[in-house]
Amino acid sequence: MTTPFPFTAVVGQDDLRLALLLNAVSPAVGGVLVRGEKGTAKSTAVRALSALLPEVAVVPGCRFSCDPASPDPACPDGPHETGPGAQRPARMVELPVGASEDRLVGALDIERALAEGVKAFEPGLLADAHRGILYVDEVNLLHDHLVDLLLDAAAMGASYVEREGVSVRHAARFLLVGTMNPEEGELRPQLLDRFGLTVEVAASREPDQRVEVVRRRLAYDDDPEGFATRWADEESSVRARIIAARALLPSVRLGDGSLRQIAATCAAFEVDGMRADIVMARTATALAAWAGRTDVLAEDVRQAALLALPHRRRRNPFDAPGLDENKLDETLEEFAEPEPDDDPDPDGGPDGSGGGGGQPPESDSDGPQDGDAGAPPEAGEGGEPQPSGTGSGEQQPVRASEPFRTKVLSVPGLGEGAAGRRSRARTEHGRTTGARRPQGALTKLHLAATIQAAAPHQLARGRAGRGLVVRRDDLRQATREGREGNLVLFVVDASGSMAARQRMSAVKGAVLSLLLDAYQRRDKVGLVTFRGSAADVALPPTSSVDAAAVRLESLPTGGRTPLAAGLLKAHDVLRVERLRDPARRALVVLVTDGRATGGPEPVALAGRAARLFAADGVASVVVDCESGPVRLGLAGQLAGELEGTAVTLDELRADSIVGLVKDVQRRAA
């Protein structure tokens, strides 16, 4: 077994360590979401936390970790009698991004259930994580159906497995910890709100701290056991402090004054629902217990707000999480009420000796890195890629107009890509459309087809009683149809003709609206722009829709219109992406007025480039940005070459009178 990096040896990252420790003190806080760039000790700190958790008492032989003092009466391994039980370390269970539903919730033996009526159940990761930690690395990339199962288990504290009338239920209460890199996409709002606390982490820019990070990481890699031994005393001290804080927690008093501050803060920052108030109250109480106090102070409420509110204030996926600390301080001061018989010092104490609730174990520099310790940001971070040929007459970027709800653009046919919400696809979830023989493990039984397959063989199998004799060859897998996410590749004309008559603001607003739609439908997105004499990949295909919005906002305009170059660049992007992910179908959204200038025969060359998409069967839509009383209809002609369809900016709106829904369609051969 690999020796984990000691939690107390993590350098810096105070907010991250504090949030994890507060959940160790009070699991009711609701878990932690850790957001940050790669190589910032996110995974290291989470994995190190499990070694600090106190041991748990379990019923011997129970696969579901029942508490011997109060065993679960519905435990599949029960019933259990109360008793002393056995002690074991708290578990940290990792949920892989590509895990199956059966791996998460467990699986029933359908054959035995039908033939023998036996609930033969193999527990999943939710059972393993009960009374421990469930850790999801890259949680923002988790498939939707797994997210739904996590939401249900987190809300009910139990997991339910149901298959054709056969059901199993077991307790599943765990500390949910997720880590993510925002560059790879954001979380669904439903899952985001389930995390009690969130922290932003970044690598230190201080040379001394970075040196200490590298020094400790190298020492650990050279001798993990020896390094852990050197930190054993610090680890034991923090473990003892967690146990003491847990014991003190029931005695902590959350006064009416603190409750008013919590409610006023949540109202001032306009967070949705009441979960934020409850999480803040639990966090403030845990902070007081961690500091060894029985009263919640204003500083605890302030720290709780900084941890519990930033991720609940986002109104759309392009809003950066954060909290206005000046507004927070003003709200807390406005609703501060001195406690009876206390010194009415607005600082919350006569000498500050009661503080410390916001301090994790002391450390003198930044945290260790996962693999690439202390790696600086990639070159060009914070800057925007510039087109290769800008031409003359470049104009400064204009702001996008207000986004709007768009019509649904979908890829025709039936795909088999990653689960999403755009185009029709064969999926593990959705409406049942038929049955087939299972390929591998059976996941969704088609009961009627299974009985129909077994019925003709009952006499030959010697059936005597009322039960149906079912063999494995009789089992049928249900085929289901749902929705998939696509690769939506935006190809945006940023030439001088698009800048005329201030059209670019409306064009950016339309693309931003489509990006919002892509976020909601779980698509990957990419952005190709063309102007001057060349085209550029402003954003390679990614799940980070907000990154595309940033590139779009800073997009300048001007120069000629190399339409063919833009199409050829987009075709090359699709070719490479098809090798990486063959199952994900593409939808090309070309935003242009259809004009092509520059070079010999630009219109003919653009037509030949467009026909490459038609030959590959790529679904496409042309957003016609032409305006004015005289229109040439070039965008419509280009859509014909693409064998796609054309819509105007007005027709793109969901409330347009042109129609309810416009699907992308291929022209009949």
d(L512 CG, D517 CG) to nearest 0.5 Å is 11.5 Å
From L574 atom CG to L487 atom CG, the distance as rounded to the nearest 0.5 Å: 6.0 Å
Closest non-hydrogen atoms of G532 and P562, given as atom of the first, atom of the second and distance, are O-CD, 3.6 Å
Correct closest heavy-atom pair for G607 and E641 would be O-OE1, 4.0 Å
Are V591 and V491 close enough that some pair of their side-chain heavy atoms sits under 4.5 Å apart? no
Nearest 0.5 Å, what's the OG1-CG distance between T592 and D493? 4.0 Å
Can you tell whether the side chains of K524 and E577 come within less than 4.0 Å, N to carboxylate O? yes
Applying the side-chain contact (heavy atoms from CB on, under 4.5 Å) criterion to L590, which one of V623, V621, L567 satisfies it? L567
From CA spacing to verdict: side-chain contact (heavy atoms from CB on, under 4.5 Å), V279, L197: CA-CA 8 Å; V279 171; L197 310 179; 4.1 Å; yes
Does a side-chain heavy-atom distance below 4.5 Å link L652 with L514? yes
4.5 Å side-chain heavy-atom contact, R426 and E481: no
Within a strict 4.5 Å, meaning less than it, do heavy atoms of the P602 and R560 side chains meet? no
Return the minimal non-hydrogen interatomic distance between A606 and A596, and the atom names on each side. CB-CB, 4.5 Å
To the nearest 0.5 Å, tell me how far L146 CG sits from L95 CG. 6.5 Å
For residues S423 and N486, is any side-chain donor paired with an opposing acceptor at under 3.5 Å? yes
Is the gap between the ring centers of H571 and F613 under 6.0 Å? yes
Quick one, R47 with E94, criterion side-chain contact (heavy atoms from CB on, under 4.5 Å). Give me CA distance, side-chain angles, the key distance, then yes/no. CA-CA 9 Å; R47 293 188 175 100; E94 293 195 41; 2.9 Å; yes
Looking at R575 and D572, is there a salt bridge between them, counting it only when a charged N and a carboxylate O are closer than 4.0 Å? yes
Check the side chains of D650 and T648 for a donor-acceptor pair under 3.5 angstrom, ignoring hydrogens and angles. no
Return yes if some donor-acceptor pair links the side-chain N/O of K407 with the main-chain N/O of R653 below 3.5 Å, else return no. yes
Just by modelled atom types, is the V588 backbone N or O under 3.5 Å from a matching donor or acceptor in the S620 side chain? no
To the nearest 0.5 Å, what is the distance between CG (L563) and CG (L568)? 9.5 Å
Side chain S513, main chain F404, donor-acceptor under 3.5 Å: yes
For a quick test of reading the model, state the closest non-hydrogen atom pair linking A635 to A646 and the distance between them. O-CB, 4.4 Å
Any side-chain heavy-atom pair from E553 and L555 closer than 4.5 angstrom? no
Less than 4.5 Å apart, any side-chain heavy atom of V271 and any of L309? yes
Given side chains that start at C-beta, do those of T265 and L332 come closer than 4.5 Å, heavy atoms only? yes
So does G482 get a backbone contact from the side chain of T427, meaning a donor-acceptor N/O pair under 3.5 Å? yes
Just checking, K569 and F530: is the charged tip under 6.0 Å from the six-membered ring centre and within 45° of the axis? no
Over all atoms of both residues, closest heavy-atom pair of L642 and A610: CD2-O, 3.5 Å
Any sub-3.5 Å donor-acceptor pair from K327's side-chain atoms to A268's backbone N or O? yes
Would a distance-only check, ignoring hydrogens and angles, find a side-chain to backbone donor-acceptor pair under 3.5 Å from D616 to V618? no
Is the shortest side-chain N to carboxylate O distance from R302 to E325 below 4.0 Å? yes
For F490 and L515 the tightest heavy-atom approach is CE1-CD2, 3.6 Å
Taking atom CG of D593 and atom CG of L632, what is their separation to the nearest 0.5 Å? 8.5 Å
My understanding is that only residues two or more places apart in sequence, or in another chain, count here; which of them pass side-chain hydrogen bond (donor to acceptor under 3.5 Å, both in side chains) with K508? none
What verdict does the side-chain contact (heavy atoms from CB on, under 4.5 Å) test give for V177 and V136, after you've listed the backbone C-alpha separation in whole Å, the side-chain angles of each residue and the deciding distance to 0.1 Å? CA-CA 6 Å; V177 181; V136 189; over 6 Å; no
Electrostatic pair D581-R578, nearest N-O below 4.0 angstrom: no
Show, in sequence, the C-alpha distance, side-chain angles and deciding distance for L150 and L142, and conclude whether the side-chain contact (heavy atoms from CB on, under 4.5 Å) test is met. CA-CA 10 Å; L150 273 181; L142 200 63; 3.7 Å; yes
pair T179-V46: side-chain heavy atoms closer than 4.5 Å: yes
Without swapping roles, check the side chain of R312 against the backbone of A308 for a donor-acceptor pair under 3.5 Å. yes
Any salt bridge linking R215 with E212? Criterion: basic side-chain nitrogen under 4.0 Å from a carboxylate oxygen. yes
Please determine which of R422, R424, R521, R585 meets the salt bridge (charged side-chain N to carboxylate O under 4.0 Å, His left out) test together with E484. R585
Is the backbone N or O of A203 less than 3.5 Å from a side-chain atom of R205, with the two atoms forming a donor-acceptor pair by type? yes
